[in-house]
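This report concerns only the one structure given below.
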Amino acid sequence: LEGYLGRKHDLEAATKRASNRSWSTRYCVLRGEELAFFKDAKSRALGVPCQGEEPLGLRNARCQVAAGYKKKKHVFALRLSNGSEWLFHGKDEEEMQTWLQGLRVA
Ligand code: I3P
């Protein structure tokens, strides 16, 4: 599973707000137990990772619709085992559900 999603870092750890809180677009690639980020489909094809961005480890991660987030639709939250949390913005309901399913079986 891969494609463009909006992404926002919400929590750096369970009780620590992320410092960079702005939304940005990433080409996201779900592979095995990792979610990797690329600037765009081209850099993904070339295998050039988005600079400085480690893939997120999905072991024991949880994801769900971000029902409390009202500023955009089709937003889901991914909470990692270390307590950090990321919001992702899909283009529609179907895309969001596809990612939620994919992440849940990762
Ligand atoms: C952030 C940016 C985000 C906003 C975030 C701001 O500022 O405006 O869009 O999140 O609000 O801190 P900056 O670009 O200067 O880092 P929302 O779009 O979700 O409001 P927040 O700190 O309340 O998360």
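Order of appearance sets the numbers: ligands from 1, and atoms from 1 within every ligand. Sequence positions, counted from 1, serve as the residue numbers for this chain.
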Would you sort out whether Trp23 and Lys72 count as a side-chain contact (heavy atoms from CB on, under 4.5 Å), showing the intermediate values?
CA-CA 11 Å; Trp23 284 97; Lys72 294 178 191 289; 3.4 Å; yes

Test salt bridge (Lys or Arg N to Asp or Glu O under 4.0 Å) on Glu12 and Arg17; report intermediate values, then the result.
CA-CA 6 Å; Glu12 221 147 84; Arg17 277 161 61 91; over 6 Å; no

Quick one: look up the protein heavy atom nearest atom 5 (C) of ligand 1 and list residue, atom name and how far away it is.
Arg21 O, 3.8 Å

N/O separation below 3.5 Å, Asn20 to ligand 1
no

Within the 4.0 Å heavy-atom shell around Tyr69, which atoms of ligand 1 are there?
17 (P), 18 (O), 19 (O)

Between Leu103 and Leu80, is there a shared hydrophobic cluster once you connect ILVMFWY residues whose side-chain heavy atoms come closer than 4.5 Å?
yes

Shortest protein contact, atom 14 (O) of ligand 1 (heavy atom only):
Ser22 CB, 3.4 Å

Check each atom of ligand 1 against the heavy atoms of Lys8 and keep those under 4.0 Å away; list them by number with element.
10 (O), 17 (P), 19 (O), 21 (P), 24 (O)

Protein contact for atom 12 (O) of ligand 1 (heavy atom, distance under 4.0 Å):
yes

May I ask whether atom 21 (P) of ligand 1 is less than 4.0 Å from at least one protein heavy atom?
yes

Below 4.0 angstrom, N of the basic side chain to O of the carboxylate: do Arg31 and Glu2 qualify?
no

Given side chain to side chain donor-acceptor pair (under 3.5 Å), test Gln97 with Glu93 step by step and report yes or no.
CA-CA 6 Å; Gln97 292 299 339; Glu93 178 72 19; 3.0 Å; yes

Below 4.0 Å from ligand 1: does a non-hydrogen atom of Arg17 turn up there or not?
yes

For the residue pair Arg26 and Tyr4, would you count it as a cation-pi contact if the rule is NZ or CZ under 6.0 angstrom from the ring centre and within 45 degrees of the ring axis?
no

Treat each ILVMFWY residue as a node, draw an edge where side-chain heavy atoms are under 4.5 Å apart, and state whether Phe38 and Leu5 are in one component.
no

Of all protein heavy atoms, the one nearest atom 9 (O) of ligand 1 is Trp23 CD1, 4.0 Å

